[in-house]
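Structure first, commentary second.
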Amino acid sequence: MEYRALRGVEDLIPPESLRFERVVDAFKRVVERAGFKEVILPVFEEARLFTRSVGESSDIVKKEMYVFEDKGGRVIALRPEGTASAVRAYVEHGVYAKEPFTKWFYVGPMFRFERPQAGRKRQFFQAGVELFGFSQPGADAELIKVADDILKELSVEATLEINSIGCKECRPKYREALIEFLKERVGQLCPDCVERFERNPLRVLDCKNEGCRQVVSGAPKITDYLCDGCREHYEKVKEYLNLLGVEFRENPFLVRGLDYYTRTVFEFKSSGLGAQSTVLAGGRYDYLIGEIGGPETPALGFAMGIDRVMLLLPELEEKREGVFVITRGEEAYREGLELVNFLRSKGIKAEIDHRQGSFKAQMKAADRVKAEFAVIIGEEEVKEGFYSLKELSTGKQEKVETREELLARL
RNA sequence: GUGGGAGUAGCUCAGUUGGUGGAGCGCCGGGUUGUGGCCCCGGCGGUCGCGGGUUCAAGUCCCGUCUCCCACCCCA
């Protein structure tokens, strides 16, 4: 084959593309009835937007971004995630002034230069929401509830883990305590964690290595170091989640890979995905808007991995729908073309077989496209002026005289 | 970026010690001169991922490369 899709990107052709649409439809249905409005954002931005927001030390920025220089000498990056652009747009358009309490959602491709694996592609799709302006714990709970609703709507089984990673006040104190604890045990950590210990000690907490987990199990918990404000906030979030009937598990070692998170963080994980088990994740990021150059504005959001959700989607039986027109002879074909046009104008799905093969071949085609009805127009029908309408699920066939009568029988 | 496994028909896979490539499913057609699904019969369909090497001879052995899968890593 001379041309192939590049490594880590894939085409979605039917029926995969239909599964994709099903996920997006369910997502939109749930978030729209919760009052979120869609934003359509660029797939590339100045690279430094991501460096600033996602974090210089994060792997996403350090080694996974598609960065290039455009013809005007600008340093561009294909977006590796959606929040940075949403925040940039919120600030750029002064939305904080016009509509300080804003609920947005977005759907689209993201790009990360990673080694491909199931549930991890170089171009992948995320559907996400962002809530700007709300500092109250009720917003955290509502956000998580919306996420839970989406997964339920899709019948995707996932377990929810939550944690609070504190704020500017308390996190540094915890970080110090953790470093203090780990310092004496560096020898017991895996090589990756030795490096994490230097760069971002919190990441040692969610290492999968058995030895590291042993060490970590005795480590100080951030929840014991939260300041009064963060502790109260976290307690309220949990209280509201219980009120809303959302099941969750507290994981004091849950941390996230993006630098902008504060206070509430959460992850929905599925057992059906192998190593890439997170299907939806997010949290609060109260300082990000300020850092991007907007007014200090509390915010929170999440992103769902559409590709990953698709992998978990149960197969759906395609149901029969519409009409397939079968004809023989030029006169019948012309009548068929007009009939199809008529039905479509009435909102009915209608197709015609242009190949004019045998009735058997055309019936087979009608069956394959999962039509509910076949309309047969042959010599007899043309001569005597009627349509033969066959219901494919039952095999029952009847004569109908006019288009209107046909329409009434569908 | 690291480690492991795999690439043969559209799909799932057989292919014996190297000797001119098969099955099932699917697709097209026929059995039914005007009727789908079940059954029977026939047909189309392959540079054996790509490139190089060994050999009289390579799907089969060797090297390289690309892609996919799994794990690490990372993350949605």
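Everything quoted here is computed from the prediction, not taken from an experiment. First the proteins, then the strands, lettered A, B, ... as listed; each starts at 1.
Counting non-hydrogen atoms under 4.0 angstrom, A/G119 reaches a base of the nucleic acid. In this structure, A/A303 reaches the sugar-phosphate backbone alone: every heavy-atom distance under 4.0 Å involves primed, P, OP1 or OP2 atoms, never a base. Among the protein residues, A/F125 comes within range of no part of the nucleic acid, since none of its heavy atoms lies under 4.0 Å from any strand. No contact: A/I326 has no heavy atom under 4.0 Å from any strand. Within 4.0 Å of A/A374, counting heavy atoms only, lies no atom of the nucleic acid at all. If you check every strand for non-hydrogen atoms under 4.0 Å, A/E267 touches nothing. Nucleic acid contact class of A/G82 (heavy atoms, under 4.0 Å, all strands): none. Within the 4.0 angstrom heavy-atom criterion, only backbone atoms of the sugar-phosphate kind lie near A/G274; the bases stay farther away. Within the 4.0 angstrom heavy-atom criterion, base atoms lie near A/E381. Backbone-only contact: A/L280 has heavy atoms under 4.0 Å from sugar-phosphate atoms and none from a base.
Rounded to whole Å, the separation between the P atoms of B/rC61 and B/rA14 comes to 15 Å. On the P atoms, B/rG30 is 45 Å away from B/rU17, given to the nearest whole Å. For B/rU32 and B/rC69, the C1' atoms lie 47 Å apart once the distance is rounded to whole Å. Of the C1' atoms belonging to B/rC39 and B/rG7, the separation is 36 Å, rounded to the nearest Å. Taking the C1' atoms as reference points, B/rU2 lies 32 Å from B/rU12, given to the whole Å. The gap from the C1' atom of B/rU16 to that of B/rC72 amounts to 38 Å, rounded to the nearest Å. Nucleotides B/rC28 and B/rC68 are separated by 31 Å at their C1' atoms, to the nearest Å. Between the C1' atoms of B/rC25 and B/rG45, the separation comes to 14 Å (whole Å).
Where A/C207 and A/T394 meet RNA chain B, the nucleotide closest to each residue was compared, and A/T394 sits on the side nearer the 5' end. Between A/L6 and A/A275, the residue anchored nearer the 5' end of RNA chain B, judged by the nucleotide with its closest heavy atom, is A/L6.
In this structure, A/R122 atom CZ and B/rC75 atom P are separated by 17 Å, rounded to whole Å.
With hydrogens and angles ignored, a donor-acceptor pair closer than 3.5 Å exists between the side chain of A/R120 and the base of B/rC74. Interface remark: the A/Q362 side chain does not form any donor-acceptor pair with the B/rU35 base, using a distance-only criterion of under 3.5 Å. A donor N or O paired with an acceptor N or O is found under 3.5 Å between the base of B/rG31 and the side-chain atoms of A/K360.
If you check B/rC75, B/rG34, B/rC74 against the side chain of A/R196, the one that comes closest is B/rC74. When distances run from any side-chain atom of A/E64 to the nucleotides B/rC28, B/rC74, B/rG34, the shortest one goes to B/rC74. Counting only heavy atoms from C-beta on, A/M363 has its side chain closest to B/rU35 among B/rC70, B/rU35, B/rA76. The side chain of A/Q117 sits closest to B/rC70 out of B/rC70, B/rC74, B/rG36.
Under the 6.0 Å cut-off for aromatic ring centres, A/F101 and A/F134 qualify, their centroids lying closer than that. Annotation: A/F324 is not in aromatic contact with A/F373 [ring centroid separation under 6.0 Å not met].
Phosphate contact (OP1/OP2 of B/rG1, side-chain N/O of A/R115, threshold under 4.0 Å): absent. Side-chain N/O atoms of A/K370 include none lying less than 4.0 angstrom from OP1 or OP2 on B/rG37. Side-chain nitrogen and oxygen atoms of A/R7 include at least one within less than 4.0 Å of the OP1 or OP2 phosphate oxygen of B/rC68. Taking 4.0 angstrom as the limit, A/R368 places none of its side-chain polar atoms (N or O) nearer than this to OP1 or OP2 of B/rG26. Contact annotation: A/Q276 side-chain N/O to B/rA76 OP1/OP2 distance is not under 4.0 Å.
Residues A/S164 and A/L226 have side chains in contact (heavy-atom distance under 4.5 Å, counting atoms from C-beta outward). Contact check for A/E130 versus A/F105: no side-chain heavy atoms found under the 4.5 Å cut-off. At least one side-chain heavy atom of A/L254 sits under 4.5 Å from a side-chain heavy atom of A/E267. Within the 4.5 Å cutoff, no side-chain heavy atoms of A/K121 are placed close to those of A/E114.
Annotation: A/E56, atom CD; neighbour count of heavy atoms from other residues, nucleotides and ligands within 6.0 Å does not exceed 12.
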